[in-house]
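Data first, discussion second: the structure below is written as structure tokens.
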Amino acid sequence: MWCVLLIHEFLQKSTEDFSTEAALVDRGVTLSYAEFSGMVNTVSAGLKKLGCNLGDRVAFFGQNSSEYAIVYFACSQMGLVLVPLNAHLMAAEAAWILNDARPKLIFSDAEYVDRLAEVCEKLVPPERRFVVGQAVQNWQNFLMLLEDSPAENSYSPPLSEPHDVFVQMYTSGTTGMPKGVMLSHQNMTSLVTSWLEEMTLESSRSRFMLATPLFHVGALVVFLSSIAAGAALVILPKFEPELALQTLLQEKISHTLLVPAMVQRLLLTMNNQHYEFPHLKQLVYGASPMPLAVLKRAINVFECEFLQGYGLTETSGVALCLRSIDHHFESEEFIPQRLSSAGKAVSCCEVRIIDEEGVSLEVGLIGEIAVKGSNVMLGYYDNPVATSQAFVDGWLRTGDLGTLDNDGYITVVDRMKDMIDYSGENVYPVEIENIIMEHADVAEVAVVGISKAVMGEEVTAIIVMRDDNAQDNRDDKTRKDNLAEEISVICRHKLAKFKCPTRIEFASELPRTPAGKLQKHLLRDAYSSREL
């Protein structure tokens, strides 16, 4: 499809072919490919004037914006390594990452500058700090980098190699301190090329709504894929269900990426009202398991093609793909088993199920999902021990448990760390969550194991109720008691006794990362400390 080895070559190729077509739509402003590319060139020249050199780290702390997109490509063009910071990090968390990455330059949205004040005083001089938005003392305005447009070819970008690091994304740190995942140009270009075999993007026609954060690898994949395909990227600063629904309808969106929690919130926002999405051709989802009940509702509501991607930051975002054709079924009575799977490997990698020794397991046996291919990370920044532990015989250990079926589909059973040990029996929360989600009064659910002295871990379900299903004026406690009993009956009917929740709790919301991933460690900590 392309002979592209470096990330910025995607933009160069699309600019050559579609110069006058829309590339970015942000805050009501549309940039053509020629305008977008020109801004990238200008910022690249500015970075050179600032003395940035090949391999230097550049941090960005902010929400989605055209400025973010420009910096991504300018860093690629200059051979710099972008370090995207999660916009929800508190000051101490951001400081830890910045101290680890040691960026030579930093960009930040104005609203986040205060969180960086102390660490920036030590790491980044004022002339190398740029703010997006309103003016901030001791920070240069991003627009300064766009003021002096350089003459054509007035700068010479460092010559990056495909194996050079393009982006350094930090893991969430739920099992320890965050680790900097180093992804090369080749990692990302090979993944994007493979992913575009699955996405139905059309040059100059498709309009992709970017609602997931650019500090997350999933958003980076679809952002780069849209630019590589010559499509238009409609940027939302962050996901808000009302804004996303309005954008889908008014901007004639043809494609989008939503994590399952976002899909659920959109469906709840629609509140059973009828909406039509005549322009929507494909909805991509991933980052966490999609309950089958939610997937079926979404397929009926959006009436478009669905595409699932499974992967990690360490696999450049995707390793397995449940293709659009896999989502087709003839009737509600005959839902194919494959809809519960993560699909098959994308073309740039291999995926298998292994035991603790790294040996491939037979069909049907539960083991760890392992990945090998050109999309797999170079390693963790300045952390050779963690890098070594992540691999076995050249295969990346994902930390996810899965099974392989006779047709080659891999089903993600659960995270290894989320598996519950109930009196010696392995219990996989996702199986229980899918059954509980079938109840009409359940908006969200998380199943975790709470340590008990005698039986190991107690199977605990934490449920968020759907407010719009209240049938009468029963008090809240009665509603919860009745729902808990109904859930218990359903579980006893469909699950082995040892899998059934022995404790059902209710919450107003579940803790999630900005990328929509459930933070079960917070639930385990919270409910372990509560007396029954």
Query - N434 vs P291 side-chain heavy atoms within contact, under 4.5 Å - result: yes

Query raised in the report: Between the side chains of S44 and N41, does any donor sit under 3.5 Å from an acceptor?
Result: no

Query raised in the report: Do L266 and V301 pass the side-chain contact (heavy atoms from CB on, under 4.5 Å) test, and can you show the C-alpha distance, the side-chain angles, and the key distance before you say yes or no?
Result: CA-CA 10 Å; L266 265 181; V301 168; over 6 Å; no

Query raised in the report: Going by the salt bridge (Lys or Arg N to Asp or Glu O under 4.0 Å) test, which pairs reach into residues 59-71, not counting sequence neighbours?
Result: R27-E67

Report task. State the CD1-CD1 distance between I504 and I436, to the nearest 0.5 angstrom. Result -> 6.0 Å

Name the atoms and distances for all side-chain donor-acceptor pairs under 3.5 Å in residues 217-243, with sequence neighbours left out.
{"from": "S225", "atom 1": "OG", "to": "V221", "atom 2": "O", "distance (Å)": "2.7"}
{"from": "S226", "atom 1": "OG", "to": "V222", "atom 2": "O", "distance (Å)": "2.9"}

**Report entry** E505/R503 salt bridge by N-O under 4.0 Å criterion
**Finding:** yes

Query raised in the report: Is S194 reaching over with its side chain to a backbone N or O of C348, donor-acceptor style, under 3.5 angstrom?
Result: yes

**Report entry** Partner set under side chain to side chain contact (heavy atoms under 4.5 Å, CB included) for E16, not counting sequence neighbours
**Finding:** K13

Report task. Starting at CG of L320, measure out to OG of S341 and round the result to the nearest 0.5 Å. Result -> 8.5 Å

Query raised in the report: What ring pair (Phe, Tyr, Trp, His ring centres under 6.0 Å) pairs are there with at least one residue in residues 254-285, not counting sequence neighbours?
Result: F277-F302, Y285-H327

Query raised in the report: Does H8 offer a backbone N or O that forms a donor-acceptor pair with the side chain of S76 under 3.5 Å?
Result: yes

Requested in this report: Check the pair V351, T398 against side-chain contact (heavy atoms from CB on, under 4.5 Å), reporting the backbone distance first and the verdict last.
Outcome: CA-CA 10 Å; V351 183; T398 65; over 6 Å; no

Report summary line: In short, A22 meets T30 closest at the heavy-atom pair CB-CG2, 3.7 Å

Report summary line: Taken to the nearest 0.5 Å, the spacing of M262 CE from L283 CG works out to 11.5 Å

Query raised in the report: Do Q264 and M437 have side chains that get closer than 4.5 Å, going by heavy atoms?
Result: yes

Query raised in the report: Looking only at heavy atoms, which two atoms of A461 and V445 are closest? And how far apart?
Result: CB-CG2, 4.4 Å

Query - Side-chain H-bond candidate by donor/acceptor type, E197 with S347, under 3.5 Å - result: yes

Query raised in the report: Of the non-hydrogen atoms in P260 and G286, which two are nearest, and what is the gap between them?
Result: CD-O, 3.1 Å

Query - Pairwise salt bridge (Lys or Arg N to Asp or Glu O under 4.0 Å) hits with a residue in residues 202-212, at least two apart - result: E202-R205, R207-E251

Query - Straight-line distance of I7 CD1 to T189 OG1, nearest 0.5 Å - result: 5.5 Å

Query raised in the report: Is there a donor-acceptor pair closer than 3.5 Å between any side-chain N or O of R524 and the backbone N or O of V448?
Result: no

Query raised in the report: What's the verdict on side-chain contact (heavy atoms from CB on, under 4.5 Å) for T411 and D405, showing C-alpha distance, side-chain angles and the deciding distance?
Result: CA-CA 8 Å; T411 297; D405 70 13; 5.8 Å; no

Report task. May I ask you to decide if E305's main-chain N or O and Q282's side chain share a donor-acceptor pair within less than 3.5 Å? Result -> no

Query - Selection residues 271-288 - residue pairs positive for salt bridge (Lys or Arg N to Asp or Glu O under 4.0 Å), sequence neighbours left out - result: none

Query - Residue pairs, two or more places apart or on separate chains, that pass ring pair (Phe, Tyr, Trp, His ring centres under 6.0 Å) and touch residues 20-42 - result: F36-F73

Report task. Verify side-chain contact (heavy atoms from CB on, under 4.5 Å) between Q308 and M290, making sure each step is shown before the conclusion. Result -> CA-CA 9 Å; Q308 180 192 175; M290 174 83 87; over 6 Å; no

**Report entry** Residues in side chain to side chain contact (heavy atoms under 4.5 Å, CB included) contact with E198, at least two apart in sequence or another chain
**Finding:** W195, L307, C321, R323

**Report entry** Side chain proximity check, L483 to H439, heavy atoms < 4.5 angstrom
**Finding:** yes

Report summary line: Hits for side chain to side chain donor-acceptor pair (under 3.5 Å) against S340, two or more places apart or cross-chain, chain-then-number order -> none

Report task. Ignoring hydrogens and angles, tell me if any N or O in the side chain of D400 forms a donor-acceptor pair with the backbone of V412 under 3.5 Å. Result -> no

Report task. Sequence neighbours left out, what passes salt bridge (Lys or Arg N to Asp or Glu O under 4.0 Å) with R265? Give chain and number order. Result -> none

Report summary line: Sequence neighbours excluded, the answer for ring-ring contact (aromatic ring centres under 6.0 Å, His included) partners of F142 is F107

Query - Check: K520 and P429 side chains under 4.5 Å, non-hydrogen atoms - result: yes

Report task. Could you tell me which non-hydrogen atom of S316 sits nearest to which non-hydrogen atom of L183, and how far apart they are? Result -> OG-CD2, 3.7 Å

Query raised in the report: How would you list, by chain and number, every residue that makes a salt bridge (Lys or Arg N to Asp or Glu O under 4.0 Å) with D109, sequence neighbours excluded?
Result: none

**Report entry** Heavy-atom side-chain contact between H328 and I325 under 4.5 Å
**Finding:** yes

Query raised in the report: Looking only at side chains, do Y68 and Q63 share a donor and an acceptor under 3.5 Å apart?
Result: no

Query raised in the report: Nearest heavy-atom pair of K344 and G408: which atoms, and what distance?
Result: CG-O, 3.5 Å

Query raised in the report: Quick check: does any side chain N or O of S14 sit under 3.5 Å from a backbone N or O of L11, one acting as donor and the other as acceptor?
Result: no

Requested in this report: State, yes or no, whether a side-chain contact exists between D407 and R338 at a heavy-atom distance under 4.5 Å.
Outcome: no

Query raised in the report: Short question: side chain of N375, backbone of N187 - any donor-acceptor pair under 3.5 Å?
Result: no

Requested in this report: Answer whether the closest heavy-atom distance between the side chains of N86 and Y170 falls below 4.5 Å.
Outcome: no

Requested in this report: Look up atom OG1 in T256 and atom CE in M209, then write down how far apart they are to the nearest 0.5 Å.
Outcome: 3.5 Å

Query - Minimum side-chain heavy-atom gap I299-F306 below 4.5 Å - result: yes

Query - Any donor-acceptor pair under 3.5 Å from N64 side chain to L214 backbone - result: yes

Query raised in the report: Of the non-hydrogen atoms in I353 and G402, which two are nearest, and what is the gap between them?
Result: CG2-O, 3.6 Å

Query raised in the report: How far does CG of L31 sit from CG of D26, to the nearest 0.5 angstrom?
Result: 8.0 Å

